[in-house]
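Inspection log for the structure reproduced underneath, given as structure tokens.
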Amino acid sequence: MEAYLCELLYSFSVRALAFVNHIPPAPDVERSIERALEWGVDYIVAQGTGSDWGPYWLGSGEQPAADVARNTRPYLRAALENEIPFLLSLGIAGADVHLDQSLAALDRMCSDEGWSLRIGVVRTEVSPDSLAALVQGGRPVVRAQDSDELSEYLEAESARTLKCCVHLVGPEPLEHLLRDDSLDGVVVGRALDIALFMAPAMHHGLSRAVAGHLGKLLECAGFALDPGDSAQPVWGEADENGVEIRSPNPSYRVSVKSLASHSFYERADPAKEDNPGGTLDLSGCEYVDTPLGIRVTGARWIDAPYTVLVEGAELAGYRSIVMMGVREPALLAQRETWIQGMRADVAAAERFAGRRFDIGIRQYGDSGGGEIGFVLDVVAETQQLANDLAYFAFIRLFVGPYPGRKTTAGNVAVPFMPLVIPTGPVYRFGAYHLVPLERPDELCRVSVLELPGGAT
Amino acid sequence: MRLHELATVVRSKNAGPFLVTIDLFFPDQASFDAVQRSGVLEIGSIAALYDIPAEDVVGSFWEPRALGAKVTIRKRPSVNDLFCGDLFGSHQHIPLAYAEIDS
């Protein structure tokens, strides 16, 4: 262990092996890990939070099916066997409930494998009341995207109606935990993806520009390779001037094109990205081939106020749907008036007077003579109301007469029984705003956990 | 010629809940240059193709090292809209994919 520490202190490079933990790793991942270990690995990093699946997961406390224990086992094993610290962000939406589900899975895995882990845990959920208090105390919380669907400044009342919110924590609280040699790794809920990589790089004195660049290149693991596949790991070495990227699996290449293309993914701007404390600017990057990979230099960090993105889910209602198919050309030709007739009947129904609901009809198919699939989509203030409205609207659509109708035994084809399918609560982003912080760790809660069997 | 016949990748995805970003990747310099010259990613062209106001076109970018280009637009309906039909924004490429390019 001492010889290893000396090597770290006197070398100014940081080598990270990156995975995405909500994606099952490739079956041959152990071979890739071995190859990376031959090059040297100082940190194993696997990010696993994101909001591209929308606010439902944050609001409901659920996660899309992901076996984080099975996914992480091969590289957590490598981390433990080689005494390599690891950093993980867990739970997709990454609130306390999701983080706890993931920690419980890791706890069971530690029991099964006979591992003992001592981990730093960073919780990044923010209560609606504390967010409201920040706003009321005068903190300007501005919208993170210039959309007219977001209030320009978050108001305290809006914050209070949120069901659940999280903030994308920056690297500093993670770096602080890396100073504790007694920890095997650091686990965080919702986090800035690149923070997981910036923390180790900054811990070894590298600049934010290089640290951020390391994060940008590695955050989606093998997605930055050719062919792009996040089930593959990627290895990166950062020094004071730049980053070298290598693929530990020879069937997946790293190329200038694959790295530059990766920077496009899900980004409004491929080169500039605002982060807590600064903007990372990759527009001046230069790429050079190395014997085993590609080296990239020229990232810049332009200092800016320290703000973090807060994602907040609010309940919009409860949804029920009905799926129907129509082939009858006479009905398809007048489908708009057919739908309008249903809406008029709902509006006239006393039983729904004064209630809050919205009715949508989604149409799928080619209207040029074929079949159209219709999905009746009701969102209402209660699940019961959504169900009742869906049945009422369906009956109007199914039996309601229209001019020229011959098919008097039913207007549509129905594939499912029950035909009203409740899909549950619907959430929207009630907050997607930037909070200026007085300290990078202002909103997070840090603790140490021992697995298996530890309590926070 | 349609844009999708010149590009190897035409993909769209949300960039946050309120923006959609559309990426194009080309197989060679000639197709990259032809599409860049055509002006198809200019604000007016995108606004017409997507039937959106010019203010909803946020920006376009050309990256020669990836032989790639990108245009970002306001996503309507957004992820917050109850009846959004494409929650990932992954199927918004059609108007651009079928744009006519004079080559």
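Treat the numbers as computed from the prediction; the structure is a model and nothing was measured. Reminder, nothing fancy here: chain letters follow the sequence lines and each chain counts from 1.
- When all heavy atoms are compared, the tightest approach of B:L82 to A:D377 is O-OD2, 4.2 Å.
- In this structure, no portion of A:Q363 lies under 4.5 Å from any heavy atom of chain B.
- Side chains of B:E63 and A:P270 form no contact here, defined as non-hydrogen atoms less than 4.5 Å apart.
- Shown here are the side chain to side chain contact (heavy atoms under 4.5 Å, CB included) partners of B:E5, two or more places apart in sequence or in another chain: B:M1, B:R2.
- The greatest number of non-hydrogen atom pairs below 4.5 Å with chain B, out of A:S258, A:A268, A:G317, A:S283, is found for A:A268.
- Considering all non-hydrogen atoms of both residues, B:R11 and A:F264 come closest at NH2-CB, 3.8 Å.
- Side-chain atoms of B:R65 do not come within 3.5 Å of backbone N or O of A:L259 as any donor-acceptor pair.
- For A:S261, the parts sitting under 4.5 Å from any heavy atom of chain B are the backbone and the side chain alike.
- Residues in residues 42-81 of chain B take part in these ring-ring contact (aromatic ring centres under 6.0 Å, His included) pairs, two or more places apart or across chains: B:F32-B:W62.
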Can you give each donor-acceptor pair under 3.5 Å made by side-chain atoms of residues 426-434 of chain A, sequence neighbours left out, with the distance rounded to 0.1 Å?
| unit_1 | atom_1 | unit_2 | atom_2 | d |
| --- | --- | --- | --- | --- |
| A:Y427 | OH | A:G59 | O | 3.3 |
| A:R428 | NH1 | A:E314 | OE2 | 3.2 |
| A:H433 | NE2 | A:S151 | O | 2.9 |

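- Within residues 12-29 of chain B, the residues having any heavy atom under 4.5 Å from a heavy atom of chain A are, by residue number, B:K13, B:N14, B:A15, B:G16, B:P17, B:F18, B:L19, B:T21, B:D23, B:F25, B:F26.
- Put simply, the side chain of B:F83 reaches to within 4.5 Å of the side chain of A:D358, judged on heavy atoms.
- The CH2 atom of A:W53 sits 10.5 Å away from the CG atom of B:L87 when rounded to the nearest 0.5 Å.
- You'll find the side chain of B:R74 reaches within 4.5 Å of the side chain of A:D146, heavy atoms only.
- Surrounding CZ of A:R295 are more than 12 heavy atoms belonging to other residues, nucleotides or ligands, all under 6.0 Å away.
- For A:L150, the part lying near chain B is the side chain, with the backbone staying farther off; criterion is any non-hydrogen pair under 4.5 Å.
- More than 12 non-hydrogen atoms from other residues, nucleotides or ligands lie less than 6.0 angstrom from CG of A:L315.
- A distance of 11.0 Å separates NZ in B:K75 from CD in A:Q145, rounded to the nearest 0.5 Å.
- Other residues, nucleotides and ligands contribute more than 12 heavy atoms inside 6.0 Å of the CZ atom of A:R343.
- Here the closest heavy-atom approach between residue A:P55 and residue B:V79 is recorded as CD-CG1, 3.7 Å.
- Between chain A and the options B:G89, B:A69, B:G85, heavy-atom pairs under 4.5 Å are most frequent for B:A69.
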